[in-house]
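Quick notes on the structure that follows.
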Amino acid sequence: MVNRRPRVLVFDSGVGALSIGSEIHQLLPAPDMLYIMDCNGFPYGGWDEAALTAHICQQLQTLCERLLPDLVVVACNSASTAVLPALRERLAVPVVGVVPAIKPAAATSRSGVIGLLATPGTVRRDYTERLINDFASHCTVIRVGSAALAPAVERLFWEGEENPAVWQQVMAEFQQHPKAERMDTVVLACTHFPLVQPELARVAPGLDWVDSGEAIARRVRQLLHEANWDLPASAGHQRALILGLREATPALCKRLDGLGIQQYQRYDRAEAVSATATN
Ligand code: DGL
């Protein structure tokens with residue numbers, strides 16, 4: 001048994017780290033959690049695959065050297081569908097990726113028509129196509145790659161800016177498909193999107209929404225058990241690190257506080273910790 005809490009680093013381009021990290025913390029409170037928001041790189045959904053792979057490998061290698069996590073979660077579908085093999089070659093710790101939950105959606109859909117709501121990058125990846133071929137070949141998968149939704153979620157969390165027109169417009173895109181009427185399940189294949197599931201459900205009621213959060217939390221718990229970590233019932237420490245030049249806004253602090261994350265800091269790769277603010 002290792003005699004300290006494990007440290008889990010949850011990495012995304014932005015607030016998507018919070019949707020996955022909070023699922024992990026809820027299922028397994030013991031680990032110390034580090035939520036990394038790479039504001040320098042946002043939005044990952046628009047990056048070319050090779051450039052994104054190089055960027056994330058470099059970021060995570062540096063972060064792992066500095067922060068010494070015991071496990072890394074790439075809490076981003078746009079990144080995980082591109083970078084996992086390269087990243088696993090470079091990092092010494094286990095890496096858990098978040099990829100579109102097409103398998104459970106295809107297994108539970110009654111109509112066999114499912115929606116895939118993701119970033120433009122995730123929608124066009126070979127990895128995503130393979131998931132569809134392997135697990136949903138009996139289904140019609142309506143793909144919507146939205147460039148607008150993740151930025152709108154960022155604005156909601158950072159500025160408190162509601163954007164009903166974006167929620168509406170994104171769900172309206174599904175309606176262009178001839179089988180849209182029969183769609184009963186939507187895969188939220190970007191870690192930002194579960195954060196606005198209630199908003200999306202309000203404009204498109206009656207659908208089942210599926211994301212990868214719970215499955216990722218179970219996988220993290222399994223890996224830590226297998227590695228024989230001491231996992232006390234009491235909660236570990238939670239800290240958010242913001243990469244880039246942005247300072248946390250009052251709206252973001254309120255969101256973090258709501259998740260029990262009371263420590264956050266701007267984190268500059270070049271200098272180590274550059275500013276600290278706690279509430
Ligand atoms: N959270 C990221 C994902 O799961 C996307 C956000 C972005 O485009 O950076 O795909």
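Keep in mind the model is a prediction, meaning the values are calculated, not measured. Counting starts at 1 for both ligands and their atoms, following the listed order. The basis for the numbers below is simple: all heavy atoms, side chains too, and nothing from hydrogens, waters or symmetry mates.
Two rings, from Tyr35 and His25, have their centers 6.0 Å or more apart.
At a 4.0 Å heavy-atom cut-off, ligand 1 touches Asn77 through backbone and side chain alike. When heavy-atom distances to ligand 1 are checked against a 4.0 Å cut-off, Thr191 comes that close through both its backbone and its side chain.
Between His192 and the choices Phe157, Phe42, Trp158, the ring-ring contact (aromatic ring centres under 6.0 Å, His included) rule is met once, by Phe42. If you run side chain to side chain donor-acceptor pair (under 3.5 Å) between His237 and each of Gln263, Arg7, Gln262, only Gln263 comes through.
Per-residue contacts place Thr119 under 4.0 angstrom from the following atoms of ligand 1 (heavy atoms of the residue considered): 5 (C), 8 (O), 10 (O). Set against the non-hydrogen atoms of Ser13, the atoms of ligand 1 under 4.0 Å away are 6 (C), 7 (C), 9 (O). Against a heavy-atom cut-off of under 4.0 Å, Asp12 is close to the following atoms of ligand 1: 1 (N), 2 (C).
When hydrogens are left out, the protein atom nearest atom 7 (C) of ligand 1 is Tyr44 N, 3.3 Å; that is the closest non-hydrogen contact. In terms of protein heavy-atom proximity, atom 2 (C) of ligand 1 is closest to Cys76 SG, 3.2 Å. From the protein, the heavy atom lying nearest to atom 5 (C) of ligand 1 is Cys190 SG, 3.3 Å.
Considering both main-chain and side-chain atoms, Gly45 comes within under 3.5 Å of ligand 1 through a nitrogen or oxygen pair.
In the model, Arg5 has a side-chain atom that pairs as donor or acceptor with a side-chain atom of Ser234 under 3.5 Å. Side-chain atoms of Gln61 and Glu65 include no donor-acceptor pair closer than 3.5 Å.
Evaluated by nearest non-hydrogen atom to atom 10 (O) of ligand 1, the leading choice among Gly41, Ser78, Pro43 is Ser78.
Ring planes of His55 and Tyr44: perpendicular class, angle over 60° (limits at 30 and 60°).
Side-chain contact between Val93 and Leu71 is absent, with no heavy atoms from C-beta onward closer than 4.5 Å.
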